[in-house]
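What follows is one structure encoded as structure tokens, with my remarks underneath.
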Amino acid sequence: EPPLPKKDEL
Amino acid sequence: MNIFRFLADMSHVLSILLLLQKIRSSNSVAGISFKTQALYALVFVTRYLDVFIYFVSIYNTAMKILFLGTSFYTLHVMYKKRDSGTIAANTIDTFRVEFLLIGSLALALIFPSERIYSVTNILWTFSLWLESVAILPQLFMLQRTGQAESLTVHYIFALGLYRGFYVLNWIYRYYFDNWFSLTSFVTGIIQTALYSDFFWVYYQKVLKGKKFELP
């Protein structure tokens, strides 16, 4: 599974 | 963090407080769409799965837990008070949410954010599409009843304001943080646009001290 880009927002 | 994003998150928290206060003060869930609240709970579950994957900040984690917790608490309270509505919820909360769910899932599968085909990323994209339309059962209900209690109206206004501030935040971040998410931006515009009629009525009626009634 490819890495998930870090999502910093709600 | 910038001022728009902070105001957005605070509007979001305010909307939840207003909703819970409405239920508490009127001791009734009349005029509140259970379907919209259930969709929001699903939005938070599918979006905040990453709380187990990586750490962003204490603020980020705390807010995720707050949104998850309050969404399920709201559902619980609404279920408990389901008979207190003057009009039985099932006769008026009739929006067909299947279409919203299927449409959001289809869009998430066809256009996952950043074209990353992982389960978590597809669910994240699904949550954004679903959130953008999750207010529809509530707006549909409002249109059918034609009027609403002021706390309900303030709740919907704060909720609309929240994504509107996020749109400003994304424009800010595009220019100053060199950051952009097409999925967030497009769904945020749709979400804010769905409130545009409502914002106008809110401005015309509520801010001028009149009772909220749809024309």
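Just so it is clear: chains get the letters A, B, ... in the order the sequence lines come, proteins before strands, and each one is counted from 1. All values below come from the heavy atoms of this structure, side chains included, with hydrogens, waters and symmetry mates left out.
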From B:W179 CH2 over to A:D8 CG, what is the distance, rounded to the nearest 0.5 angstrom?
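It comes to 6.5 Å.
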Could you give me the CA-CA distance, side-chain angles and deciding distance for A:E9 and B:R173, then say whether salt bridge (charged side-chain N to carboxylate O under 4.0 Å, His left out) is met?
CA-CA 12 Å; A:E9 293 185 342; B:R173 294 191 81 180; 2.7 Å; yes
Heavy-atom count around [X] [atom1] within 6.0 Å, excluding the residue itself: above 12?
X: B:Y203; atom1: OH; answer: no
X: B:Y79; atom1: OH; answer: no
X: B:Q204; atom1: CD; answer: yes
X: B:D177; atom1: CG; answer: yes

Does the pair B:E114/A:K7 count as a salt bridge with the N-to-O cut at 4.0 Å?
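No salt bridge links B:E114 with A:K7.
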With a strict 4.5 Å heavy-atom criterion, list every residue of residues 58-65 of chain B that contacts chain A, or say none.
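Result: B:Y59, B:N60, B:M63, B:K64.
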For the side chain of B:Y48 and the backbone of A:L10, is there at least one donor-acceptor N/O pair under 3.5 Å apart?
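The answer is yes, because a donor-acceptor pair under 3.5 Å joins these two groups.
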